[in-house]
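So that the names make sense, note that chain A is the first sequence line, chain B the second, and so on, each numbered from 1. The figures that follow rest on heavy atoms only: side chains count, while hydrogens, waters and symmetry mates do not.
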Protein chains: 2
Amino acid sequence: MSPAEYSGLGDPERSIALLWGKAGAPTRGPKQRLTVERVVATAIEIADADGLDGLSMRKVAERLGVGTMSLYTYVPAKAELVDLMLDRATGEVRRPEAGMGWRERLELFAREHWQLYHRHPWMLQVTGHRPVLGPNELRAYDDALGALALAGLDERDMVGFVDLVEGYVRGKARNSIDSAQAERRTGVSDDQWWTARQFFWDKHFERADHPNLTRVLDAGAFSEQGGAFEFGLARTLDGIERFLADRD
Amino acid sequence: MSPAEYSGLGDPERSIALLWGKAGAPTRGPKQRLTVERVVATAIEIADADGLDGLSMRKVAERLGVGTMSLYTYVPAKAELVDLMLDRATGEVRRPEAGMGWRERLELFAREHWQLYHRHPWMLQVTGHRPVLGPNELRAYDDALGALALAGLDERDMVGFVDLVEGYVRGKARNSIDSAQAERRTGVSDDQWWTARQFFWDKHFERADHPNLTRVLDAGAFSEQGGAFEFGLARTLDGIERFLADRD
DNA sequence: CTAAAACTCCGTACCGTGTACGAAGTTACG
DNA sequence: CGTAACTTCGTACACGGTACGGAGTTTTAG
């Protein structure tokens, strides 16, 4: 078999088999000392602590007590490892229960993912990637679609609204997580950072040129954003509700 | 002066002076052959074409015909260069005109940023960063706040709704851009990618386990997402409108 | 007028990254 | 029992950001 289907990319069959845990155990050769599962779990631990930047194949190998290149017998490349990490983490979300209405289901979806991203901030650092066709990702997506099917929407709008809610949650989570990630990366806390920039507001910022920002700053509105996630979520779902109402 | 305020981080005064173009020209020494402006513009060109991953100090230097380390006389580090790139690109957005209502203003904000992110996809690849306190970023933010001030909201809700709309736009833009970025990085086009995974849907995917996804796939709903941005934007703004109405 | 100070430019070097390659050892099958 | 298939992993390469310090250039202080 050629080493890669396209430029440097792994075999799709292999990737999907890994995601679905359907990789046939090889018969020949020495028994494997590790499992894909352990590799993925370890990688998640490291990424949880050090972020996606802090995740390196060498670190994973070191923590597992194996040589770096040994990991490549479990996983074709780092990109596939990240896909596995994403799908595995997504498996942590709670699923809707029978009897829940569409709004309740979407709220559950949103809150579960909100928490998920806080537990695993690196999930939002993966950029420019295609959908992960893993069991947990598809499950979660199917559940979310199901909520909107319950609302009686057609297929196009189901997809549209799932995207809307998903996008909302990811966006908010990113905001909420960014400063913590910056702190980890730079070693500068939020307080230190803002304090070091206080001189800007005092000496350089043109208040008259930014009347709205000035007003918001003076009111201390940025420290009042505690319940913003729930607030925005309610507004987003209200938008859907209004769409449903107007339709009739 | 110590080389850095915190671990590896540059002097905030210097960073802000750069953003606002207030870096005092040095008197001693040879005249500079470049300007910060040219460095930033060149970096944006490269990032537009090759993504944030494809942006390296060496490439910028090469294109400008200077040694790599010479860039460090213009910019303290790559992180600051990216901040400058972000603020400069944000300067491209059109601003609201007098007489526009709050909804019109938010639509303009959303559409302008939607297009901005498509012109400069790398903007959405910057993760875990703190706000950029540059002139264009603050200007755009002030304008967005102004739209909601016009709607008669209090400060806390102004911030909340700007975040909401901003998050929506960024989320949608990310989806829209991700596949293009994946193509650039891996050399595999969307068609190729999905074709290479067709076997999954045919042979492995359990339709009965994913009734909603099955329904949506069969209906071809994913190819009907053309106007999804405007659709979701309208729903998001409807949510705000309903909030305003309920308030009275 | 001279010397020092301040500055630009940049070659070299260091450490960290993903991973290709191939040697060495292990197991199962024909 | 040989050989094919497999795991393990040391070495090496290309690429990344950037610290350091030397060489050359301009201004300024004395």
Quiz item: Which whole-number value in Å describes the distance from A:Glu62 CD to C:dG16 P?
Solution: 11 Å
Quiz item: Tell me: NZ of A:Lys78 to C1' of C:dG16, nearest whole Å?
Solution: 11 Å
Quiz prompt | Aromatic ring pairing B:Phe109/B:His113, orientation class (parallel under 30°, perpendicular over 60°, tilted between) | solution = tilted
Quiz item: Do any pairs count as a salt bridge (charged side-chain N to carboxylate O under 4.0 Å, His left out) and have a residue in residues 60-78 of chain A, sequence neighbours left out, and if so which ones?
Solution: A:Glu45-A:Arg63
Quiz item: salt bridge (charged side-chain N to carboxylate O under 4.0 Å, His left out): which pairs involve residues 113-125 of chain B, sequence neighbours left out?
Solution: B:Glu92-B:Arg119
Self-check item: Pairs meeting criterion salt bridge (charged side-chain N to carboxylate O under 4.0 Å, His left out) with involvement of residues 12-36 of chain A, two or more places apart
Solution: none
Quiz prompt | Between D:dT18 (P) and B:Leu71 (CG): distance, integer Å | solution = 11 Å
Quiz item: Under the side-chain hydrogen bond (donor to acceptor under 3.5 Å, both in side chains) test, which residues partner B:Ser176, sequence neighbours left out?
Solution: B:His118
Quiz item: What residues, two or more places apart in sequence or in another chain, satisfy ring pair (Phe, Tyr, Trp, His ring centres under 6.0 Å) together with A:Phe199?
Solution: A:His204
Quiz item: Which pairs pass ring-ring contact (aromatic ring centres under 6.0 Å, His included) with one or both residues in residues 10-39 of chain B, sequence neighbours excluded?
Solution: A:Phe200-B:Trp20
Exercise. Using whole Å, report how far OH of A:Tyr72 lies from P of C:dT17.
Key: 11 Å
Quiz item: Which residues in residues 40-58 of chain B have at least one heavy atom lying under 4.0 Å from any atom of DNA chain D?
Solution: B:Leu55, B:Ser56, B:Met57, B:Arg58
Exercise. Any salt bridge (charged side-chain N to carboxylate O under 4.0 Å, His left out) involving residues 162-177 of chain B? Give me the pairs, sequence neighbours left out, ordered by first then second residue.
Key: A:Asp163-B:Lys172, A:Lys172-B:Asp163
Quiz prompt | Residues from residues 121-134 of chain A lying under 4.0 Å of DNA chain C - heavy atoms | solution = none
Quiz prompt | Under the side-chain hydrogen bond (donor to acceptor under 3.5 Å, both in side chains) test, residues paired with A:Asp209 that sit two or more places apart | solution = none
When you compare the protein's N or O atoms with those of nucleotides 2-9 of chain D, which come within less than 3.5 Å of each other, and at what distance?
| residue | atom | partner | partner atom | Å |
| --- | --- | --- | --- | --- |
| D:dA5 | O4' | A:Arg28 | NE | 3.4 |
| D:dT7 | OP1 | A:Gln32 | OE1 | 2.5 |
| D:dT8 | OP1 | A:Arg33 | N | 2.9 |
| D:dT8 | OP1 | A:Tyr74 | OH | 3.2 |
| D:dT8 | OP2 | A:Thr73 | OG1 | 3.2 |
| D:dT8 | OP2 | A:Tyr74 | OH | 3.1 |
| D:dC9 | OP1 | A:Arg33 | NH1 | 3.1 |
| D:dC9 | OP2 | A:Gly67 | N | 3.0 |
| D:dC9 | OP2 | A:Ser70 | OG | 2.9 |

Self-check item: side-chain hydrogen bond (donor to acceptor under 3.5 Å, both in side chains) against A:Asp202, all qualifying residues, sequence neighbours excluded
Solution: A:Gln198
